[in-house]
Engineer: 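The structure under discussion is supplied below as structure tokens; questions concerning it will follow.
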Amino acid sequence: DDTASAERLLRGWADRAFRRPTTEKEREPFVKLYAKLRGEGHRFDAAVRAAFQAVLMSPSFRYLPSPGHPDRSVADHALASRLSFMLWGAPPDAELRKLADAGTLREPKVTDAQV
């Protein structure tokens with residue numbers, strides 16, 4: 001029931017929702033929302049839930065970035081998401097995320113093995 005716990009929960013939630021690792025700057029608005037609600041007297045769980053809902057309303061959750069994104073990490077995770085949604089209709093699993101993190105998913109042999 002503290003800000004550090006809320007930040008940890010929001011980091012995990014945003015990473016899963018955005019289907020890639022998020023930066024502190026990307027999570028900042030959601031942490032600020034949590035802090036504002038707590039400052040207004042809302043309970044911990046209500047404030048965290050509102051921040052979680054805000055993550056789900058953000059464009060980074062609702063839209064898939066392009067595999068041609070200038071940030072290589074975002075582009076690799078975009079490729080993982082597109083493969084996963086095309087093949088299974090679900091977000092990328094741990095293996096696809098690991099390959100995207102490592103930057104090896106674009107290698108033809110790796111992509112073929114995943115497909």
Side-chain angles (χ1 to χ4, degrees):
D1 188 4
D2 60 16
T3 302
S5 295
E7 288 178 0
R8 182 178 46 79
L9 291 168
L10 281 166
R11 180 177 46 250
W13 181 256
D15 286 358
R16 290 201 48 157
F18 292 4
R19 299 163 299 276
R20 61 177 171 77
T22 56
T23 65
E24 187 173 331
K25 184 177 178 180
E26 289 174 311
R27 294 186 304 270
E28 183 179 356
F30 310 116
V31 173
K32 284 184 178 182
L33 174 62
Y34 161 82
K36 177 181 181 262
L37 293 172
R38 287 294 282 165
E40 293 174 355
H42 293 271
R43 292 181 16 199
F44 175 82
D45 59 333
V48 169
R49 190 176 313 118
F52 280 9
Q53 289 171 343
V55 168
L56 296 179
M57 294 303 299
S58 71
S60 294
F61 170 71
R62 297 184 333 195
Y63 304 108
L64 293 175
S66 169
H69 193 280
D71 181 331
R72 180 65 187 244
S73 176
V74 172
D76 287 347
H77 282 88
L79 176 60
S81 292
R82 288 170 187 267
L83 279 173
S84 184
F85 282 115
M86 179 186 71
L87 296 171
W88 301 290
D93 61 8
E95 184 175 352
L96 271 175
R97 288 182 63 137
K98 182 179 173 185
L99 292 168
D101 285 339
T104 59
L105 186 56
R106 290 183 182 270
E107 295 173 11
K109 288 182 182 181
V110 174
T111 305
D112 287 348
Q114 290 304 305
V115 171

Engineer: So, taking the atom named CZ in Arg38 and the one named OG1 in Thr3, what distance separates them when rounded to the nearest 0.5 Å?
Structural biologist: 7.5 Å
Engineer: Work out which heavy atom in Arg20 is nearest to a heavy atom in Ser60; give both atom names and the distance.
Structural biologist: NH2-OG, 4.0 Å
Engineer: Compare every heavy atom of Glu95 with every heavy atom of Gln114, then report the nearest pair and how far apart it is.
Structural biologist: NE2-OE2, 2.9 Å
Engineer: More than 12 non-hydrogen atoms from neighbouring residues, nucleotides or ligands closer than 6.0 Å to CD on Glu40, yes or no?
Structural biologist: yes
Engineer: Please indicate whether Arg16 has more than 12 foreign heavy atoms, meaning atoms of other residues, nucleotides or ligands, lying under 6.0 Å from its CZ.
Structural biologist: no
Engineer: Salt bridge check: are Arg11 and Asp15 linked by an N-O gap of less than 4.0 Å?
Structural biologist: no
Engineer: Is there a donor-acceptor pair under 3.5 Å between the side chain of Thr22 and the backbone N or O of Ala14?
Structural biologist: no
Engineer: Side chains of Leu9 and Tyr34: closer than 4.5 Å at any heavy-atom pair?
Structural biologist: no
Engineer: Tell me whether Val74 is reachable from Tyr63 by hopping between hydrophobic residues (I, L, V, M, F, W, Y) whose side-chain heavy atoms are closer than 4.5 Å.
Structural biologist: no
Engineer: If I compare all heavy atoms of Val115 with all of Leu87, which pair ends up nearest, and what's the gap?
Structural biologist: CA-CD1, 4.0 Å
Engineer: So, does Arg97 use its side chain to make a donor-acceptor pair with the main chain of Asp101 at under 3.5 Å?
Structural biologist: no
Engineer: Are there over 12 heavy-atom neighbours, none belonging to Met57, within less than 6.0 Å of that residue's CE?
Structural biologist: no
Engineer: Any Lys/Arg nitrogen of Lys32 or Glu28 sitting under 4.0 Å from an Asp/Glu carboxylate oxygen of the other?
Structural biologist: yes
Engineer: Suppose we screen for side-chain contact (heavy atoms from CB on, under 4.5 Å). Which residues come up paired with Arg72, at least two apart in sequence or across chains?
Structural biologist: Asp76, Arg106
Engineer: Taking all non-hydrogen atoms of both residues, which atom of Pro67 and which atom of Ala75 are closest, and how far apart?
Structural biologist: O-CB, 3.1 Å
Engineer: Shared ILVMFWY cluster between Phe61 and Phe30, side chains joined below 4.5 angstrom?
Structural biologist: yes
Engineer: Is there a path from Val48 to Leu37 through hydrophobic residues (I, L, V, M, F, W, Y) whose side chains come within less than 4.5 Å of each other?
Structural biologist: no
Engineer: State the CG-NE2 distance between Leu99 and His77, to the nearest 0.5 angstrom.
Structural biologist: 9.5 Å
Engineer: If you group Ile, Leu, Val, Met, Phe, Trp and Tyr by side-chain heavy-atom gaps below 4.5 Å, do Phe85 and Trp88 land in one group?
Structural biologist: no
Engineer: Which atom names give the shortest non-hydrogen contact between Ser84 and Leu96, and what distance separates them?
Structural biologist: CB-CD1, 3.8 Å
Engineer: Measure the NZ-OG1 distance between Lys98 and Thr104 for me, rounded to the nearest 0.5 Å.
Structural biologist: 9.0 Å
Engineer: Hey, quick one: are Leu64 and Val55 part of the same hydrophobic cluster, counting side-chain heavy atoms closer than 4.5 Å, chains of contacts allowed?
Structural biologist: no
Engineer: Measure the acute angle between the ring planes of Phe52 and Trp13, then classify it against the limits of 30° and 60° as parallel, tilted or perpendicular.
Structural biologist: parallel
Engineer: For residues Pro65 and Arg82, report the shortest heavy-atom separation together with the two atoms involved.
Structural biologist: O-NH2, 3.1 Å
